[in-house]
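Data first, discussion second: the structure below is written as structure tokens.
Just so we're on the same page: letters track the sequence lines, and every chain starts at 1.
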There are 2 protein chains.
Amino acid sequence: MGDTDLAALGRLLADSSRATMCTVMLDGRFHTAGELARAAEVAPSTASEHLTRLVSGGLVEGDRQGRHRYYRLAGADVAAALESLALVAPERAVTGLRSSSASAALRRGRTCYDHLAGELGVRLTDALIRRNVITDEFALADAAPLRELGVAVPAPADGASRRPLVRGCVDWTERRHHAAGVVPAALATRLFDLGWVARVGSGRAVRLTGAGEAGLVGALGSL
Amino acid sequence: MGDTDLAALGRLLADSSRATMCTVMLDGRFHTAGELARAAEVAPSTASEHLTRLVSGGLVEGDRQGRHRYYRLAGADVAAALESLALVAPERAVTGLRSSSASAALRRGRTCYDHLAGELGVRLTDALIRRNVITDEFALADAAPLRELGVAVPAPADGASRRPLVRGCVDWTERRHHAAGVVPAALATRLFDLGWVARVGSGRAVRLTGAGEAGLVGALGSL
DNA sequence: GAGCCGTTTCGGTGGGCACCGAACCGTCCC
DNA sequence: GGGACGGTTCGGTGCCCACCGAAACGGCTC
């Protein structure tokens, strides 16, 4: 009986299979229905039903290409909402060695929809603050070092209504903020292109390469 | 099978009674169990069960005083997560005149946990930006006008790990950001003390008083 | 065309849980 | 003290929905 239908959204996340699928899709990329079914450990038919509900609920969007069907989160605001929920969510007991090492990799570095998070994300954020690229209040200060790296930094925002160039994003493993927004997203894309960060396995986990370590220290003075 | 138990949190919000209670508690204040039961339109026994679950889930904290028991949201991060969810949640169809005028009042002005939101919130945010109290990237710039109003502004943050003095908070009715954080929260408290904003009814809705209109224009140059 | 494969739809089954009324407990007031 | 009242606990009922297998529906390949 409220103003918005919070409960409908809660029901979508209430199921562990759907929650797992959403967590997988937090990397912002497309995933096939079968891949999501395996991740959630349910039959393809069950996964299909879940995905239909997620789409009609507006959390996920689908794109059919050939005989495959690709799904991803519906937008950055959805990813932000899920991340802020994950911050509140209690830590889950780790079961087994494989998931333990997997979550350790996630803690070290991962993508958060379109930018970098985890230890790597906050290290990068702190380096950007020290180099005065952004302020400690997450405002863009000096974009020159980024432009030298080949990052496409758009013109400053003309109002508060646009998506911010830089904003703070809660990091649920580090329990603090890291840099998000248009500029950090562009930076993340560029770092992938340069080969300075690379994906670990097929999930969200990423790591800093040797060239990335050297390159970022050179560009920002520290890391 | 994820890293945190997102599904458990979703289950808490999945029930419409619990969701309504959480929406009521979004004002950050304490509410009695009976009041929340009436808001959700369920028997007191049912409400009690819901509140027990919300507490054990970490979303809500309770405080017994006398024969009453008061409940409120567990923290600002919980409120932020709920607000970001409400932004994603689809608009709900308005049923009846009473809820229509109530939601209209909410759109005009309301408290968002500890600061101001709605039309009033974004007008205030824009005035703060025009007056250069904060930047359009939600960083604190010049606290002098606030101190003249009697707002207690703490010293600048010494690192990125503390709760930010100012941050952007999504406004689900205005579909843009308004100012949140330590400073806007202190400002809201001060405006209540001055009588410049007052609550409308018993819920989250607030309105700007005549004295508030004049006082804020005087302090900030515009509104 | 036939065959394969990824995906979706459809019945049927089972478990979880929201709900209420009744009983119980603690606090306040006369 | 007794009575009223707010809140919680406890059984019992009924609904919602996650799950699977089987079958149908594309699209791709040979």
Requested in this report: Applying side chain to side chain contact (heavy atoms under 4.5 Å, CB included), name anything that partners A/Arg207, two or more places apart in sequence or on another chain.
Outcome: A/Ala198, A/Val200, A/Thr209
Query raised in the report: In whole angstrom, what separates A/Leu54's CG from D/dA18's P?
Result: 10 Å
Query - Helix axis bend for the helix from C/dG1-D/dC30 to C/dC30-D/dG1 - C1'-based end axes, five pairs, 10° rounding - result: 30°
**Report entry** side-chain N/O A/Thr46 vs D/dA18 OP1/OP2, d < 4.0 Å
**Finding:** no
Query raised in the report: Nearest to the side chain of A/Val42, which nucleotide is it out of C/dC20, D/dC20, C/dT9?
Result: D/dC20
Query - Heavy-atom side-chain proximity of A/His50 to A/Thr46 below 4.5 angstrom - result: yes
Report task. Specify the separation, in whole Å, of atom CG of A/Leu51 and atom P of C/dG6. Result -> 16 Å
Query raised in the report: Nearest to the side chain of B/Arg53, which nucleotide is it out of C/dT9, C/dA18, C/dC19?
Result: C/dA18
Query raised in the report: D/dC16 P sits how many Å from A/His50 NE2, rounded?
Result: 18 Å
Query raised in the report: Taking the inter-plane angle between the rings of A/His178 and A/His115 on a 0 to 90° scale, is it parallel (under 30°), tilted (30 to 60°) or perpendicular (over 60°)?
Result: tilted
Report task. Evaluate the side-chain proximity of A/Leu187 to A/Leu116: yes if any heavy-atom separation is below 4.5 Å, no if none is. Result -> no
Check: protein-nucleotides 5-7 of chain D nitrogen or oxygen pairs below 3.5 Å:
{"residue": "D/dC5", "atom": "O2", "partner": "B/Arg67", "partner atom": "NH1", "Å": "3.4"}
{"residue": "D/dG7", "atom": "OP1", "partner": "B/Ala33", "partner atom": "N", "Å": "3.4"}
{"residue": "D/dG7", "atom": "OP2", "partner": "B/Gly34", "partner atom": "N", "Å": "2.9"}

Query raised in the report: Rounded to the Å, how far apart are A/Leu13 CG and D/dA18 P?
Result: 12 Å
Report task. Taking the side chain as every heavy atom from C-beta outward, state whether B/Val151 and B/Leu191 have any atom pair closer than 4.5 Å. Result -> no
Requested in this report: Taking the side chain as every heavy atom from C-beta outward, state whether B/Arg199 and B/Phe192 have any atom pair closer than 4.5 Å.
Outcome: yes
Requested in this report: Could you tell me whether the side chain of B/Leu82 reaches within less than 4.5 Å of the side chain of B/Leu13, counting heavy atoms only?
Outcome: yes
Query raised in the report: What integer distance in Å separates A/Arg11:CZ from C/dC17:P?
Result: 15 Å
Query - Phosphate contact (C/dA22 OP1 or OP2) by B/Ser45 side-chain N/O below 4.0 Å - result: no
Query raised in the report: How long is the line joining CG of A/Asp15 and P of D/dC16, in whole Å?
Result: 17 Å
Query raised in the report: Got A/Met25 and A/Leu36 here, is their nearest side-chain heavy-atom distance under 4.5 Å?
Result: yes
Query raised in the report: Is there a donor N/O on one and an acceptor N/O on the other, under 3.5 Å, for the side chain of B/Glu49 and the base of D/dC10?
Result: yes
**Report entry** Heavy-atom check, side chain of B/Leu128 versus side chain of B/Val166, under 4.5 Å
**Finding:** no
